[in-house]
Every structure is written in structure tokens, then in C-alpha cells.
Amino acid sequence: MRIGNKNPIYVEENLLNIFKFLRYHIGTHQKYKCLILADELVASIYENELNYLINYPYFNHVRLLKYNVDENVKNIDNIKNIWDTLSNDKFNKKDLLISIGGGTISDIAGFASATFKRGINLVIIPTTLLAMTDASIGGKNAINYKNIKNEIGTYYSPLFTYIYPNFLNSLPEIEILSGFTEIIKHALLNNKDSVREILNLDPRKLPPISILKKSIQFKHHIVRIDPNEKNRRKILNLGHTLGHCFESIRFSNHLPTSHGICIAWGLQYTIKISEYLLNFPPYWSKKIIEWLQTWYGKPPKIKFNDLLPYLLQDKKNSDDKITFILLYAPGKPKIHKFNIQELKKIYDKCFHDFAS
Ligand SMILES: NC(=O)c1ccc[n+]([C@@H]2O[C@H](COP(=O)([O-])OP(=O)(O)OC[C@H]3O[C@@H](n4cnc5c(N)ncnc54)[C@H](O)[C@@H]3O)[C@@H](O)[C@H]2O)c1
């Protein structure tokens with residue numbers, strides 16, 4: 001299945017079909033070099049698959065760099081090392097960089113390929129649920145800098161993204177749960193039917209392929225109409241303003257908590273705030289919050305004043321206002337700007353609800 005024309009996403013049940021798309025997008029008139037950046041764990045589980053790829057006959061030189069993945073991988077030293085490899089091996093813009101892994105690997109691959117010679121060919125092969133539904137779509141990439149997450153990055157789209165859902169069969173439950181919050185987020189932004197479908201699912205288990213495809217299509221549609229996040233794409237931050245704050249606070253308090261769980265907490269606040277300010281239907285609010293709490297728990301008891309420094313750091317803020325995505329109803333988002341006092345008042349009200 002192909003999604004989109006420009007920088008398409010292919011969802012395929014046979015990994016070897018990737019060769020067809022390499023031929024289509026890069027051609028066969030001459031051989032070229034390839035640098036593969038791979039998650040070490042993925043490379044060990046899927047050694048045979050990786051070997052098939054390495055032996056693609058149109059590669060005349062292949063290098064493989066493997067990473068033991070954690071958040072620290074997204075650093076400038078690793079980027080320099082990739083630049084050095086590309087430079088020493090005389091890669092040019094027509095050569096290829098391939099990422100195989102989750103969002104951590106696609107972020108360093110995206111950043112390195114965007115910057116080397118102002119952009120060399122990139123193909124992303126995501127292997128986590130989060131990367132398939134979110135990180136590999138839309139061309140954003142970033143590395144962490146001076147302990148700030150995603151501080152430096154670019155927009156740079158791959159030639160194509162190749163989704164082979166079978167990679168998900170080895171994904172641990174916690175990573176499935178974490179990736180699932182992007183699926184519920186897309187459903188909330190899409191429409192009631194999509195939400196209804198998700199509320200019947202257990203997010204510790206892989207979603208049906210139809211739901212995976214719908215989620216990918218939704219994100220692709222939004223980023224296609226607003227690639228540089230000037231307007232419509234901002235809605236994809238649903239649940240993320242507070243979710244990112246929870247993530248940073250838990251990290252500083254030595255209680256690191258997965259991105260997805262923090263976003264699920266952020267979504268609970270978002271729904272409650274939407275109910276108070278925009279009359280989000282209580283019927284849906286109750287159902288969605290119950291589902292989120294069943295699988296992800298209640299949001300942590302963090303006072304507004306402890307959140308504020310993190311809220312003020314958000315890249316999406318402007319004019320001293322804090323940008324929030326709210327919902328009138330499933331499928332009806334609103335970009336809302338709060339001043340600090342307004343936000344404190346409504347946050348405290350929800351805090352009280354969640355504490356009871
Ligand atoms: N650029 C974007 O648009 C964007 C969007 C969302 C998130 N991100 C970034 O993505 C990163 C998180 O990525 P992620 O959640 O995909 O996870 P990840 O890449 O950090 O990997 C999580 C864990 O899953 C393992 N893993 C990966 N694929 C596997 C598989 N198929 N089987 C078994 N184990 C596997 C990894 O080894 C690792 O232990 C963060 O750094 C975040 O900032 C970027």
C-alpha cells in the first residue's frame with residue numbers, strides 16, 4: 001500500500017519489496033554507496049533481513065553503524081561520527097542513508113542526512129509503533145543539546161518511508177503501549193468513529209493493521225497540507241504541551257517515564273480542559289478518560305507552579321502565551337492560546353478532579 005505521492009509511505013508485508021522502491025526512487029543507471037544506521041537490538045533480532053538489504057546489488061559500498069538505543073544516542077558526537085563516515089568514504093548527495101529503528105535512530109539519521117552536503121538521500125525503515133505512526137512521517141528530526149530534548153533539528157523528508165509491520169512482533173509491551181498514544185491522539189483529532197474503534201482495543205497489544213494504516217494516513221494528510229507547521233500541523237501537539245512537561249519533570253526527579261505514558265496523562269488534562277472551556281461532550285470525555293486511566297493511570301500530582309518553568313520552555317509558545325490544542329469534540333480541534341493565569345485556573349480545577 002502506498003500513502004501519498006511526494007515522500008510516500010509504503011506499508012508492505014514483504015520486506016524485499018523495498019528493492020522495488022529503491023529502484024523506482026533512485027534508479028538503476030548506476031550503483032551507489034549506502035550507510036545504514038541501525039538500532040543494535042533490531043539488527044540482532046533481524047540479522048537475516050539486514051543481510052538481505054546489505055546485499056542489494058545496486059550498492060557498491062555499504063557501511064553499517066549500530067547504536068545501543070537510549071535517549072542519549074541523539075547527541076552531536078554521534079552526528080559528527082556519521083558526518084565523518086560519510087565524508088571519509090566520499091559519499092555524495094546521490095548516495096543513500098538508511099535508518100532502521102525507532103524514532104531515536106530516525107531522528108539522528110534525519111538530522112545527519114539533512115545537514116551533510118545540505119541533504120543526501122534518506123530512506124526510513126521504522127521498527128516501533130511510535131516511529132511507524134509518528135516519528136518517521138513528516139520530515140521533522142532533532143537531537144538533544146545541553147540536556148534539552150530535541151533542541152536542534154531540521155525539516156527534511158526521506159525519499160520514502162518503508163513500513164514493514166512484522167517488525168512490531170518483537171516490540172516489548174511497554175513500547176506498544178507508548179506508541180499507542182499517538183494512535184489515540186490521531187483518532188481524537190480525526191473523528192468519533194476512529195475514537196470508538198480505539199476504545200475497544202487493549203493498547204498493550206498490537207493494533208489491527210487497518211487501524212495502523214488509518215493512523216499513518218491521518219498523520220500523512222496533516223503534514224502534507226502544512227509541512228512546516230505554520231498552522232494546521234500544530235494540532236498534532238494534542239496532549240503534548242503538558243505531556244512533555246510531565247516527561248521532563250519525571251526525568252529530572254529520577255523517575256523517567258515513557259513518552260507515551262506522559263502523553264496519555266497530557267491527553268487526560270486536554271480532554272478535561274476541553275470539557276470545561278469548549279463543552280467537549282461529557283459522554284466522550286468520560287469514556288476517553290476512563291480508557292486512558294485504565295491503561296496509563298491517572299496523571300501525576302504535579303502542582304502548577306512546578307510545571308510552569310517547563311511550560312514556558314515549550315517551542316510552540318508565542319507572544320507570552322502558552323499554546324494548547326483543545327477539542328470541541330472528537331475530530332474538531334482548536335488551537336488555543338492561554339495566558340498564565342487562565343491556564344493556572346483551569347489546570348488547578350482539573351488537578352482537583354484528578355486528585356479525587
Ligand atoms: N521526529 C519526530 O517527528 C519524532 C516524533 C516522535 C518522537 N520522536 C523521537 O523518537 C524517539 C523515541 O522513539 P521510539 O519511541 O520509536 O523508540 P526508540 O527508538 O527510542 O526505541 C525504543 C526501544 O525499542 C527498541 N526497539 C526498536 N524497535 C524494536 C523492535 N522492532 N523490536 C524490539 N525492540 C525494538 C529499541 O532498541 C529501544 O530499546 C524520541 O527521541 C523522540 O524524541 C521524534
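Since we're looking at a predicted model, the values are computed, not measured. Along the sequence shown, residues carry numbers from 1. Counting starts at 1 for both ligands and their atoms, following the listed order.
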Mark up the atoms of ligand 1 that fall under 4.0 Å of a heavy atom belonging to [X], in ascending order.
X: S170; result: 30 (C), 31 (N), 32 (N), 33 (C)
X: L41; result: 34 (N), 37 (O)
X: G103; result: 10 (O), 11 (C), 13 (O), 14 (P), 16 (O), 19 (O)
X: E175; result: 22 (C), 23 (C), 24 (O)
X: N150; result: 43 (O)
X: D39; result: 25 (C), 26 (N), 27 (C), 36 (C), 37 (O)

Any N or O of F167 that comes nearer than 3.5 Å to an N or O of ligand 1?
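For ligand 1, there is an N or O atom that lies under 3.5 Å from one belonging to F167.
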Judging by distance only, is a nitrogen or oxygen of K74 under 3.5 angstrom from one on ligand 1?
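In this structure, K74 places an N or O atom under 3.5 Å from an N or O of ligand 1.
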What protein heavy atom sits nearest [atom], and how far away is it?
atom: atom 38 (C) of ligand 1; value: V69 CG1, 3.9 Å
atom: atom 6 (C) of ligand 1; value: D134 OD2, 3.3 Å
atom: atom 16 (O) of ligand 1; value: T128 OG1, 2.6 Å
atom: atom 7 (C) of ligand 1; value: L130 CD2, 3.5 Å
atom: atom 28 (N) of ligand 1; value: T127 OG1, 2.8 Å

Are [X] and [Y] an aromatic pair by the rule of ring centers under 6.0 Å?
X: H25; Y: F160; answer: yes
X: H186; Y: H220; answer: no
X: F351; Y: F304; answer: no
X: F59; Y: Y32; answer: yes
X: F21; Y: Y24; answer: no

Check [X] against ligand 1 and report side chain, backbone, both or neither, counting heavy atoms closer than 4.0 Å.
X: L171; result: both
X: D107; result: side chain
X: T104; result: both

Side-chain H-bond candidate by donor/acceptor type, [X] with [Y], under 3.5 Å:
X: N191; Y: S194; answer: yes
X: N60; Y: Q30; answer: no
X: E40; Y: N68; answer: no

Can you label the angle between the Y164 ring and the F167 ring as parallel, tilted or perpendicular, going by 30° and 60°?
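Rings of Y164 and F167: perpendicular, over 60°.
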Could you check whether D39 pairs with K66 (Lys NZ or Arg NE/NH1/NH2 to Asp/Glu carboxylate O, under 4.0 Å)?
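No, no charged N to carboxylate O under 4.0 Å.
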